[in-house]
Amino acid sequence: MKRIIISMVLLTIACIAHAQSNNNQFAEVRKVIEASNAIYADLANKNDGSILTRYTDDACLYPPNMAPICGGKNMLAFFKGGPKVHVKFTIQHLYGDPKSFVTEESFYEMADMSGKKIDDGKVIVIWKKTSAGWKMYRDMFSSNNKAKS
C-alpha cells in the first residue's frame with residue numbers, strides 16, 4: 001500500500017512538472033486557435049469553401065442529430081448555403097500534446113448578421129499539428145437549446 005501511495009505521489013509530481021513545462025507551448029497553440037476561431041464564421045459566410053482551410057484533409061465534423069461528416073467534399077456540402085452568422089468562441093480548456101494534438105473545449109455564442117443572438121452551445125475540437133500549421137481534425141458541436149420541432 002505504501003508503494004502505491006508513493007508511486008501515485010511521484011506520478012502526480014511528474015504530471016504537474018510536465019504541465020508547467022508546456023505552459024509556453026500551450027500559450028502559442030492558444031493564440032493560433034483563438035486567431036482561427038476569430039475568423040471561422042467569416043470564412044463560412046463566404047460560402048466559397050475557404051472554411052476548409054481551417055481543417056485537415058482527413059477532418060470530420062460531428063454535428064448534432066446527424067451522422068459524422070468526413071472529407072472536404074462532404075464538409076463543403078454541409079457548409080454550402082448555410083446561414084450567415086457571427087460566432088464568438090470562448091476557450092474553456094486546452095489539453096493534450098502541444099507538439100502534435102491538442103483538444104479545445106469551448107463555448108460559442110451565435111448571432112445573426114444584425115447581432116441578434118440565435119444560439120449558444122459547446123464545442124470540442126481536436127487540433128492536429130500539420131506541415132501547414134494547426135488545423136482542426138475533429139469538430140464536435142451542439143446547442144444548449146432544445147431542438148426546434
Side-chain angles (χ1 to χ4, degrees), residues 8 11-149:
M8 295 293 284
L11 182 60
T12 302
I13 291 169
C15 289
I16 291 169
H18 181 70
Q20 289 174 348
S21 68
N22 284 334
N23 281 345
N24 287 341
Q25 291 173 318
F26 273 110
E28 293 171 19
V29 174
R30 178 182 282 271
K31 286 181 187 176
V32 170
I33 292 172
E34 286 174 339
S36 181
N37 286 348
I39 63 170
Y40 187 86
D42 294 336
L43 294 174
N45 289 341
K46 287 183 177 182
N47 207 15
D48 64 359
S50 57
I51 187 65
L52 297 180
T53 63
R54 305 288 92 199
Y55 291 92
T56 63
D57 293 337
D58 57 347
C60 291
L61 297 173
Y62 296 95
N65 307 311
M66 294 178 70
I69 301 168
C70 299
K73 181 180 175 186
N74 295 326
M75 290 171 55
L76 183 59
F78 173 82
F79 286 113
K80 197 89 169 146
K84 294 189 183 297
V85 295
H86 296 291
V87 181
K88 179 184 176 203
F89 296 94
T90 305
I91 296 173
Q92 300 301 303
H93 304 285
L94 292 177
Y95 47 88
D97 179 358
K99 293 180 182 174
S100 57
F101 285 95
V102 169
T103 300
E104 167 198 3
E105 293 180 23
S106 288
F107 294 132
Y108 71 83
E109 290 184 11
M110 186 181 300
D112 64 18
M113 296 308 281
S114 68
K116 180 183 174 195
K117 182 178 172 181
I118 56 176
D119 195 18
D120 62 278
K122 58 264 177 208
V123 179
I124 293 180
V125 177
I126 299 174
W127 291 82
K128 181 179 181 180
K129 179 82 177 250
T130 71
S131 59
W134 286 96
K135 304 274 185 172
M136 287 184 271
Y137 176 63
R138 298 293 185 261
D139 185 1
M140 178 181 276
F141 47 95
S142 64
S143 175
N144 290 337
N145 303 289
K146 289 185 179 184
K148 297 176 182 171
S149 301

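Shown here is K84, whose NZ atom has more than 12 heavy atoms of other residues, nucleotides or ligands within 6.0 Å. Within 6.0 Å of the CG atom in N144, the count of heavy atoms belonging to other residues, nucleotides or ligands exceeds 12. The number of heavy atoms from other shown groups lying within 6.0 Å of CG (N145) is above 12. Residue F107 places its CZ atom among 12 or fewer non-hydrogen atoms of other residues, nucleotides or ligands, all under 6.0 Å distant.
Separation of the F141 and Y62 ring centroids does not fall under the 6.0 Å cut-off.
Rounded to the nearest 0.5 Å, atoms CD1 (I51) and CG (L43) are 5.0 Å apart. Atom CD1 of I33 is separated from atom OG of S106 by 8.0 Å, given to the nearest 0.5 angstrom. Rounded to the nearest 0.5 angstrom, N45 CG and F79 CZ are separated by 11.0 Å. Taking CZ of F89 as the reference point, atom CD of E34 lies at 12.5 Å (rounded to 0.5 Å). Taken to the nearest 0.5 Å, the CG atom of D120 stands 9.5 Å off from the CE atom of M110. Between the OG1 atom of T53 and the CE atom of M136 there is a distance of 8.5 Å, given to the nearest 0.5 Å.
Nearest heavy-atom pair across H86 and M113 is NE2-O, 3.7 Å. When all heavy atoms of I118 and V85 are compared, the pair lying nearest together is CD1-CG1, 3.8 Å. The shortest heavy-atom contact between P98 and G96 is CD-O, 3.5 Å.
Contact annotation: the side chain of K80 approaches that of N47 to within less than 4.5 Å [non-hydrogen atoms, C-beta and beyond]. Taking the side chain as every heavy atom from C-beta outward, K135 and Y55 never approach each other to under 4.5 Å. The shortest side-chain heavy-atom distance between R138 and V125 does not fall under the 4.5 Å cut-off. Within the 4.5 Å cutoff, the side chain of K99 has no heavy atoms near those of the K129 side chain. In this structure the side chain of Y108 never reaches within 4.5 angstrom of the side chain of T90, judged on heavy atoms. Side-chain contact between D58 and K128: present, with at least one pair of heavy atoms (C-beta onward) separated by less than 4.5 Å. With a 4.5 Å cut-off on side-chain heavy atoms, M140 and V123 do not count as touching. Between S143 and D119 there is a side-chain heavy-atom pair separated by less than 4.5 Å.
Here the rule is ring pair (Phe, Tyr, Trp, His ring centres under 6.0 Å) with F101, and of W134, Y137, W127 only Y137 fits it.
Checking D97 against Q25 by side-chain atom types alone, no donor-acceptor pair falls below 3.5 Å. With no hydrogens or angles considered, no side-chain donor-acceptor pair links E104 and Y95 at under 3.5 Å.
A salt bridge is absent between R54 and D139; no separation between the charged side-chain nitrogens and carboxylate oxygens falls under 4.0 Å.
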